[in-house]
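Accompanying notes for the structure given below.
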Amino acid sequence: MSQEKATVTLSSNGESSEFTMDGGTKGIPVLDIGSLYKKLGVFTYDPGFLSTASCKSAITFIDGEKGILQYRGYPIEQLAEKSSFLEVAFLLMNGELPSKLELSGFTDEINDHAMLHEALRTFFDGFHYDAHPMAMMVGVMGSLSAFYHSELNMEDPEHRRISAMRMVAKVPTIAAACYRHSVGWPFVYPRVDLGYCENFMNMMFSLPSQKFIGMDHYIDPVAIKALNILFILHADHEQNASTSTVRLASSTGANPYACVAAGISALWGPAHGGANEAVLSMLSEIGSVDRIPEFVAKAKDKNDPFRLMGFGHRVYKNFDPRATIIRQTCHEVLEKYSNNNDPLFELALALEEYALKDEYFIEKKLYPNVDFYSGIIYKALKIPVDMFTVMFVIARTAGWVSHWLEMMAEPDHRIGRPRQVYTGYDTRNYIPENER
Ligand code: ACO
């Protein structure tokens with residue numbers, strides 16, 4: 001069967017050239033325009049990458065129209081129901097679900113790498129007590145390369161694997177340390193007898209004066225299940241802004257800790273991972289159900305920068321499958337940890353219902369995304385609001401390192417270097433200072 005082609009003709013000079021259609025195992029076909037400049041002397045212009053695939057990847061598949069999300073072919077609904085975060089991390093990084101023996105070896109290795117170098121602990125002293133935990137995350141993650149430079153030969157697959165394992169293992173320890181620094185509590189070491197999520201909660205909340213596990217509700221299976229689900233849902237999302245940042249930084253050959261630190265910075269923004277924090281701020285600002293129409297009107301007003309946080313998605317245009325799963329989890333958690341009449345949750349549900357009936361939101365296909373609910377769950381689990389994006393970092397590190405591993409294993413990877421449309425001055429002559 002002949003390969004489908006598309007012809008591009010420049011109306012300015014009548015020159016034309018053929019380009020082949022390419023595609024993966026499923027999903028939208030792509031037009032391979034890599035030789036466009038060479039053949040026709042023009043670039044493409046696609047701000048925000050609305051129509052541009054930046055790479056080939058076998059990790060995650062999304063069909064935004066149908067609301068499908070799959071990791072390595074497995075539907076997110078099945079993974080959220082049946083798997084654990086560490087099993088999903090193994091799947092993303094290695095391509096297959098682990099055998100029992102493989103999972104136990106993976107878990108042991110994660111436990112082995114979970115501690116931080118003692119010298120790294122002193123880094124936190126350099127941060128003011130009210131530093132945003134995301135600022136500390138960026139700095140401390142980037143600094144890890146200073147401790148492991150003997151294993152940074154990126155041509156060596158074993159060095160790459162160890163670097164990836166280190167980041168997945170240490171990220172909850174760093175995250176908890178950021179919180180402990182902000183409240184002035186001593187750091188807590190990771191424990192090998194606890195699962196990934198339990199360990200994180202123990203490092204967050206246990207006090208020298210109180211044995212945490214067994215005394216408080218965080219060991220409760222409902223809380224641990226909710227965390228596992230949230231981490232699984234947030235683990236990867238193909239070429240989102242932060243993952244693309246990690247890939248772009250990696251394309252220069254920079255070390256993986258620095259590249260993941262760049263990903264953390266990109267995730268911080270309210271249009272991306274900062275959205276769950278922004279949802280909580282927005283709900284507090286709205287305050288009560290009767291003020292919803294006023295805020296929805298603000299969100300629709302083009303002269304007002306206000307947007308409904310937790311609504312809309314670049315890829316999902318009918319529903320976000322993660323939001324459907326998390327909505328159910330949200331109910332379970334609130335049933336357990338707050339009374340069912342939590343005003344914040346009631347407000348969120350009322351806002352969701354109101355916006356979904358509104359013509360503007362229907363027409364523009366704006367639905368609640370995963371972060372509309374994740375912030376409410378984290379709040380119920382007593383995670384401080386400014387740690388919400390950090391929670392996202394813990395989960396997404398598994399995705400970032402998987403994309404990095406995939407990219408670094410490719411035989412030839414080029415530096416990522418977009419072109420631009422120059423809109424500045426034409427050539428002009430320098431004017432001496434006394435003549436300006
Ligand atoms: N509230 C009000 N209007 C919105 C919203 C919103 N939350 N989101 C999009 N719109 C409107 C836009 O104004 C635009 O209107 P126009 O066509 O009249 O100009 C239209 O819908 C399309 O929106 P874009 O911004 O072009 O969509 P894009 O794909 O670029 O942005 C994004 C997606 C960034 C998620 C956007 O919907 C948004 O800002 N949402 C709120 C922030 C948020 O929840 N982010 C989390 C994303 S999920 C994640 O990172 C895990």
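Both ligands and their constituent atoms are indexed starting at 1 by order of listing. Remember, it's a predicted structure, so these values are computed and weren't measured experimentally. Counting begins at 1 with the first residue of the sequence. Just so it is clear, the values below take in all heavy atoms, side chains as well, and ignore hydrogens, waters and symmetry mates.
- Here the heavy atom of the protein found nearest to atom 25 (O) of ligand 1 is Arg307 NH2, 2.9 Å.
- A donor-acceptor distance shorter than 3.5 angstrom exists from the side chain of Arg72 to the backbone of Leu92, with no hydrogens or angles considered.
- Ligand-side atoms of ligand 1 in range of Ala271: 45 (N), 46 (C), 47 (C), range being under 4.0 angstrom from any heavy atom.
- The shortest N or O to N or O distance between Met309 and ligand 1 is not under 3.5 Å.
- Of all the heavy atoms of Asp371, the ones lying under 4.0 Å from any atom of ligand 1 belong exclusively to the side chain.
- Salt bridge annotation for Lys225-Glu332: present, with a cationic side-chain nitrogen under 4.0 angstrom from a carboxylate oxygen.
- Ring geometry for Tyr378 against Phe388 counts as tilted: the plane angle lies between 30° and 60°, on a 0 to 90° scale.
- Formation of a donor-acceptor pair under 3.5 Å by the Asn94 side chain with backbone atoms of Phe90 is found in this model.
- In this structure, atom 48 (S) of ligand 1 lies nearest to the protein heavy atom His313 CD2, 3.5 Å.
- Inside a 4.0 Å radius of atom 16 (P) of ligand 1 there is at least one protein heavy atom.
- Inclusion of Arg322 in the set of residues having an N or O under 3.5 Å from an N or O of ligand 1 is not warranted.
- Every atom of ligand 1 is numbered from 1 in the order shown, and the set under 4.0 Å from a heavy atom of Gly312 is 35 (C), 37 (O).
- Side-chain atoms of Asp358 and Lys300, non-hydrogen and from C-beta on, do get closer than 4.5 Å to each other.
- Close contacts between ligand 1 and Arg314 involve ligand atoms 28 (P), 29 (O), 30 (O), 33 (C) [criterion: under 4.0 Å to a heavy atom].
- Ring pair His313/His237: centre-to-centre distance below 6.0 Å.
- With a 6.0 Å cutoff to the six-membered ring centre and a 45° limit on the axis angle, Arg121 does not count as a cation-pi contact of Phe187.
- Looking at Leu366 against ligand 1, only its side chain comes within 4.0 Å, counting heavy atoms.
- Partner of Phe311 under the ring-ring contact (aromatic ring centres under 6.0 Å, His included) criterion, out of Tyr367, Phe361, Phe306: Phe361 alone.
- Using a 3.5 Å distance cut-off with no hydrogens or angles, the side chains of Ser83 and Glu87 do pair a donor with an acceptor.
- Applying the 4.0 Å criterion to heavy atoms of Lys364 picks out, from ligand 1, the atoms 11 (C), 15 (O), 16 (P), 17 (O), 18 (O), 20 (C), 21 (O).
- Thr52 and Asp46 are linked by a side-chain donor-acceptor pair at a separation below 3.5 angstrom, with hydrogens and angles left out of the test.
- For ligand 1, none of its N or O atoms has an N or O atom of Phe392 under 3.5 Å away.
- Scanning all protein heavy atoms for the shortest distance to atom 2 (C) of ligand 1 gives Ala299 O, 3.6 Å.
- Nearest protein heavy-atom neighbour of atom 41 (C) of ligand 1: Phe311 O, 3.4 Å.
- If you check which protein heavy atom lies closest to atom 7 (N) of ligand 1, you get Leu308 O, 2.7 Å.
- Close contacts between ligand 1 and His272 involve ligand atoms 46 (C), 49 (C), 50 (O) [criterion: under 4.0 Å to a heavy atom].
- Shortest contact from atom 3 (N) of ligand 1 to any protein heavy atom: Tyr360 OH, 2.9 Å.
- Taking the ring centre of Tyr360 as origin, the terminal cationic atom of Lys364 falls inside the region bounded by 6.0 Å and 45° from the ring axis.
- At a heavy-atom distance under 4.0 Å, only side-chain atoms of Lys302, from C-beta outward, approach ligand 1.
- In this structure, Arg419 satisfies the cation-pi test against Tyr37, with its NZ or CZ atom closer than 6.0 Å to the six-membered ring centre and inside 45 degrees of the ring normal.
- When only interatomic distances are considered, the shortest N/O to N/O separation between Phe361 and ligand 1 does not fall below 3.5 Å.
- Remark: ligand 1 atoms within the under-4.0 Å shell around heavy atoms of Ala275 are 43 (C), 44 (O), 45 (N), 46 (C).
- For the residue pair Gln328 and Tyr373, no side-chain donor N or O sits within less than 3.5 Å of a side-chain acceptor on the partner.
- Nearest to atom 44 (O) of ligand 1 among the protein's heavy atoms is Gly310 N, 2.8 Å.
- Proximity of atom 22 (C) of ligand 1 to the protein is not indicated, since no non-hydrogen protein atom lies closer than 4.0 angstrom.
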